[in-house]
Amino acid sequence: MVFPEYRPRRMRRTESLRAMIRETRLAPEQMIYPLFVLPGKDQRQEIASMPGVFRLSIDRLAKEAKECLSLGVRSVILFGLPEKKDALGSGAYAKNGIIQQAIRELKNKTPELTVVTDVCLCEYTDHGHCGCLAGNEVDNDATLELLAKTALSHAQAGADMVAPSDMMDGRVSEIRTTLDEESFHMVPIMSYAVKYASAFYGPFRDAAECAPQFGDRSGYQMDPANSREALREATLDVEEGADILMVKPALAYLDIIGRLHDEFDLPIAAYQVSGEYAMIKAAAEKGWIDGERVMAESLLAIRRAGADLILTYFAKDMARLLAERK
């Protein structure tokens with residue numbers, strides 16, 4: 001194919017022609033909306049570093065969930081802020097913990113909503129790390145039992161899917177075994193299979209009040225310099241029983257999303273994290289970019305790289321935009 005016999009611009013001339021051959025598409029059902037849940041009643045606290053994102057009390061969740069469903073966003077993922085924290089993160093697996101209550105509320109008021117839960121201890125430990133400690137180190141194997149207890153408590157409360165984000169070795173296997181033994185074999189696991197030790201998490205740690213009190217998480221989250229290691233991590237999670245593989249963050253790791261998409265036949269999820277959201281919002285507020293277009297383009301890039309699902313704080317905004325474009 002050479003010019004002038006072949007002219008690529010022929011198929012770009014009108015929006016109708018462009019739409020006819022568009023290779024990648026976005027839809028509301030491909031997006032999962034994160035929700036932050038805090039104690040109390042009638043609470044709706046905007047997160048300063050994430051404009052438009054709120055911490056909500058349990059009594060406010062149903063309204064938010066119904067708005068998501070009305071826009072076609074059928075799934076949420078829950079993050080909790082407990083009233084108290086301790087060294088073992090016991091609030092994560094308490095029967096009446098903040099997330100367990102939130103699950104029951106959402107499944108009671110909006111049963112058609114898919115409720116995914118983040119399984120980690122960082123929001124519940126007083127030291128802010130993702131597992132229990134042995135000295136100043138996270139004890140991988142001792143943490144596994146607590147993660148499995150957390151996932152089981154979520155399933156018992158009615159969660160549709162659990163998503164371990166801790167990056168402990170062997171946690172998918174431990175959670176899968178525990179769920180199966182307790183007859184929750186139909187609850188899928190969306191594993192944060194490839195989670196990097198990223199600087200893009202800053203606003204989330206403010207939102208969830210889960211910054212480490214000492215050190216950092218480089219000892220268990222992945223080195224941003226590594227890509228082949230991502231395949232090893234994902235392979236382990238597939239062998240241990242994961243149903244969906246997630247890459248986190250998204251935009252700085254599009255190559256990793258693409259490699260997992262090409263290597264594995266499981267669905268691939270990607271988390272467009274708080275820092276990605278905050279940068280777009282901040283630049284748009286300054287008038288430096290067209291925020292709506294950059295939002296859409298960034299989400300399209302994540303899909304084009306190979307993500308089947310996107311966890312994003314833009315889920316509602318993007319769903320509204322898609323509805324307007326119809």
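Just the heavy atoms: all of them, side chains too, but no hydrogens, waters or symmetry mates, feed the values below.
Classified by interplanar angle (parallel below 30°, tilted 30° to 60°, perpendicular above 60°), the ring pair Y253/Y196 is parallel. The aromatic rings of H129 and Y220 stand perpendicular to each other, their planes meeting at an angle above 60°, with 30° marking the opposite boundary.
What you find for L260 and L231 is that their closest heavy atoms are CD1-CD2, 4.0 Å. Annotation for L321 and A296: closest pair CD2-CB, 4.2 Å, computed over non-hydrogen atoms. Pairing each heavy atom of S198 with each of F200, the nearest pair is OG-N, 2.9 Å. Of all the heavy atoms in K95 and Q100, the pair that sits closest is O-CB, 3.2 Å. Of all non-hydrogen atoms in V172 and S191, the two that sit nearest each other are CG2-OG, 3.7 Å. Nearest approach of A269 to I244, heavy atoms of both residues: CB-CG2, 3.9 Å.
The line from CD of E174 to CG of D141 is 9.0 Å long, rounded to the nearest 0.5 Å. Residue I47 holds its CD1 atom at 9.0 Å from OG of S274, rounded to the nearest 0.5 Å. Expressed to the nearest 0.5 Å, how far CE of M318 lies from CE of M31 amounts to 6.5 Å. Distance CG/L144 to CZ/R171: 9.5 Å, rounded to 0.5 Å. Going from atom CE of M186 over to atom CG of D160 covers 11.5 Å, rounded to the nearest 0.5 Å. The CG atom of L56 lies 10.0 Å from the NZ atom of K63; values are rounded to the nearest 0.5 Å.
Under a hydrophobic-cluster definition in which Ile, Leu, Val, Met, Phe, Trp and Tyr are linked whenever side-chain heavy atoms come within less than 4.5 Å, directly or via other members, I58 and L78 are assigned to the same cluster. I302 and V73 fall into different hydrophobic clusters, where Ile, Leu, Val, Met, Phe, Trp and Tyr are joined by side-chain heavy atoms under 4.5 Å apart, directly or via other members. Two different hydrophobic clusters hold F314 and L71 under the rule that ILVMFWY side chains link at heavy-atom gaps under 4.5 Å. A chain of hydrophobic side-chain contacts below 4.5 Å, direct or via other Ile, Leu, Val, Met, Phe, Trp or Tyr residues, connects L146 to I175. A continuous path of hydrophobic side-chain contacts links Y192 to I268 [ILVMFWY only; heavy atoms under 4.5 Å].
Side-chain contact between L88 and T125 is absent, with no heavy-atom pair separated by less than 4.5 Å. Side chains of T235 and R232 form no contact here, defined as non-hydrogen atoms less than 4.5 Å apart. Taking the side chain as every heavy atom from C-beta outward, L152 and Y93 never approach each other to under 4.5 Å. Two residues are said to be in side-chain contact when any heavy atoms from C-beta on lie closer than 4.5 Å; L245 and V194 fail this criterion. A 4.5 Å side-chain heavy-atom check between Y271 and I32 finds every atom pair outside the cut-off. For the pair M168 and V138, the minimum side-chain heavy-atom distance is below 4.5 Å. In this structure, L322 and P28 have side chains that are in contact, with non-hydrogen atoms separated by less than 4.5 Å. The shortest side-chain heavy-atom distance between R60 and F54 does not fall under the 4.5 Å cut-off.
In this structure a side-chain-to-backbone donor-acceptor pair under 3.5 Å is present from Y277 to P51. A donor-acceptor pair is defined here as one N or O able to donate and one able to accept, closer than 3.5 Å; such a pair exists between the side chain of E46 and the backbone of G52. Put simply, the side chain of T14 gets close to the backbone of L17: a donor and an acceptor are under 3.5 Å apart. Distance alone, capped at 3.5 Å, places no donor-acceptor pair between the R217 side chain and the A197 backbone. D243 contributes a side-chain N or O that, together with a main-chain N or O of I189, makes up a donor-acceptor pair within less than 3.5 Å. Checking side-chain atoms of D223 against main-chain N and O of N226 turns up no donor-acceptor pair under 3.5 Å. Listed for the R18 side chain is a donor-acceptor partner under 3.5 Å among the backbone atoms of R12. Side chain of K84 to main chain of Y124: no donor-acceptor pair is present (N/O by atom type, distance under 3.5 Å, no hydrogens or angles). Although no hydrogens or angles enter the test, the distance criterion places a donor-acceptor pair under 3.5 Å between the side chain of T143 and the main chain of C132. The backbone N or O of T150 sits less than 3.5 Å from a side-chain atom of S153, completing a donor-acceptor pair.
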Stepwise side-chain contact (heavy atoms from CB on, under 4.5 Å) check, V116 with V76: CA-CA 6 Å; V116 185; V76 299; over 6 Å; no
Test log, rule side-chain contact (heavy atoms from CB on, under 4.5 Å), inputs K195 and E233: CA-CA 9 Å; K195 181 178 179 179; E233 283 279 7; over 6 Å; no
Full working for side-chain contact (heavy atoms from CB on, under 4.5 Å) between E123 and L81: CA-CA 6 Å; E123 296 146 54; L81 288 80; 5.9 Å; no
F204 vs Y313, side-chain contact (heavy atoms from CB on, under 4.5 Å): CA-CA, chis, key distance, verdict: CA-CA 11 Å; F204 175 92; Y313 304 96; 3.5 Å; yes
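Within 6.0 Å of CZ on R22 lie more than 12 heavy atoms contributed by other residues, nucleotides or ligands. At most 12 heavy atoms of other shown residues, nucleotides or ligands fall within 6.0 angstrom of atom CZ in R228. At most 12 heavy atoms of other shown residues, nucleotides or ligands fall within 6.0 angstrom of atom CD in E83. Atom CZ of R74 has 12 or fewer neighbouring heavy atoms from other residues, nucleotides or ligands inside a 6.0 Å radius. Counting heavy atoms of neighbouring residues, nucleotides and ligands inside a 6.0 Å radius, atom CD of E5 exceeds 12 of them. When the shell of 6.0 Å around CZ of R304 is examined, it contains 12 or fewer heavy atoms from other residues, nucleotides or ligands. Atom CD of E137 has 12 or fewer heavy atoms from other residues, nucleotides or ligands within 6.0 Å. Sparse packing is recorded around CD of E145, with 12 or fewer heavy atoms of other residues, nucleotides or ligands lying under 6.0 Å away.
Between R325 and E15 there is no salt bridge, since none of the side-chain N atoms of the basic residue sits less than 4.0 Å from a carboxylate O of the acidic one. Using a 4.0 Å cut-off between a side-chain N of Lys or Arg and a carboxylate O of Asp or Glu, E297 and R293 do not qualify as a salt bridge.
Looking only at atom types and distance, the side chain of S165 has a donor-acceptor partner in the side chain of D118 under 3.5 Å away. Inspection of the S298 and E276 side chains reveals no N or O donor paired with an N or O acceptor under 3.5 Å. Looking only at atom types and distance, the side chain of Q43 has no donor-acceptor partner in the side chain of S57 under 3.5 Å away.
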